[in-house]
> 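Starting off with a structure, shown below.
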Amino acid sequence: MNKMTQTMKSKNKQVGFTLMEVMVVIVIIGMIGGVVVQNVMGNLDKAKLQKSVQDINALETSLSMYKMDNYKYPTTEQGLEALLEATDIEPLPRRFPDGGYIPRLPNDPWGNEYQLLNPGENGDIDIFSMGPDGEEGTEDDIGNWNLGDYQ
C-alpha cells in the first residue's frame, strides 16, 4: 500500500461519539439534574418557612413592647401598621416611641402581608402568614400558635 492510500483510509475513518454514547450521557446528566433540583427546591421551601417563623417571632416581640407601653395590643382594625406609626383609630396608644416599634413591616416569603387578629382564635392575639397558598384558614397557615411545627 502506498502512502496515499493509507492517508485516504485514515481520512475516511470517522472519529466521534455514537448516538448511543450521546444518549447515555444525556440520561446521566438528566438524572443528576433531577436530584439537584429536588434538593435545592426542598431547601428553598424550608428557608421560606424559617423566614416566616423568624418574622412572626419578631412581630410578636414588638407587639409585646406595644402592650407594655399601652396596656393592650393593637386591634385587628389597627393591624400591624400600629407598630410603625401611631394610629388614629380608637383606642389610641398612650405612648408611642419616635420611629415606632419596628422600622418596616416585612412581607411573608410568598409576598403577602402578615395578619393580626385581636382577640385571637388561638391565644390573646394571632399573628400569622397565610402560607404558600395565600388563603387564610387553610392548613398551611403559619402562626404564633404553631411555630413549634416549623422549628
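Computed over heavy atoms, backbone and side chain alike; hydrogens, waters and symmetry mates excluded.
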> Backbone N or O of Thr76 within a donor-acceptor pair of the Asn118 side chain at under 3.5 Å?
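Looks like no, no N/O pair under 3.5 Å.
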
> Do Asp141 and Asn146 come within less than 4.5 Å of each other through their side chains, counting heavy atoms only?
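With C-beta onward as the side chain, the pair stays apart.
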
> More than 12 heavy atoms of other residues, nucleotides or ligands under 6.0 Å from CE of Met65: yes or no?
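Enclosed.
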
> Provide the closest heavy-atom pair for Pro74 versus Gln78 in the form atom of the first, atom of the second, distance.
CA-OE1, 3.1 Å

> If you look at every heavy atom in Gly134 and Asn112, which pair is closest and at what distance?
CA-ND2, 3.7 Å

> Count the heavy atoms belonging to other residues, nucleotides or ligands that lie under 6.0 Å from NZ of Lys72, then report whether that count exceeds 12.
no

> Which atoms form the tightest heavy-atom contact between Pro132 and Asp140, and what is the distance?
CD-OD2, 3.1 Å

> Are side-chain N/O atoms of Arg95 and Tyr71 paired as donor and acceptor at under 3.5 Å?
yes

> I'd like to know if the side chain of Gln115 and the backbone of Leu80 have a donor-acceptor N/O pair within less than 3.5 Å.
no

> To the nearest 0.5 Å, tell me how far Ile102 CD1 sits from Ser62 OG.
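Here the interatomic distance stands at 5.5 Å.
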
> Measure the spacing between CZ of Phe128 and CG of Leu117 and express it to the nearest 0.5 Å.
4.5 Å

> With distance as the sole test, does Asn70 use its side chain to make a donor-acceptor pair with the main-chain N or O of Lys67 at under 3.5 Å?
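Checking the backbone N and O of Lys67 against the side chain of Asn70, no donor-acceptor pair under 3.5 Å is found.
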
> Tell me whether the count of non-hydrogen atoms from other residues, nucleotides or ligands lying under 6.0 Å of CD in Glu60 goes above 12.
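Yes, CD of Glu60 has more than 12 neighbouring heavy atoms, counting only those of other groups under 6.0 Å.
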
> Verify side chain to side chain contact (heavy atoms under 4.5 Å, CB included) between Asp55 and Asp108, making sure each step is shown before the conclusion.
CA-CA 8 Å; Asp55 287 347; Asp108 73 11; 5.7 Å; no

> What's the separation between atom CG in Leu147 and atom OG in Ser52, rounded to the nearest 0.5 Å?
8.0 Å

> Can you name the closest pair of heavy atoms from Tyr114 and Pro109 and give their distance?
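So the minimum-distance heavy-atom pair works out to OH-CD, 3.7 Å.
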
> Are any of the side-chain heavy atoms of Pro119 and Asp124 separated by less than 4.5 Å?
no

> I need the Asp133 CG to Thr138 OG1 distance, nearest 0.5 Å.
3.5 Å

> In Å, rounded to the nearest 0.5 Å, how long is the span from CD of Glu136 to CG of Asp126?
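Between atom CD of Glu136 and atom CG of Asp126 there are 9.5 Å.
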
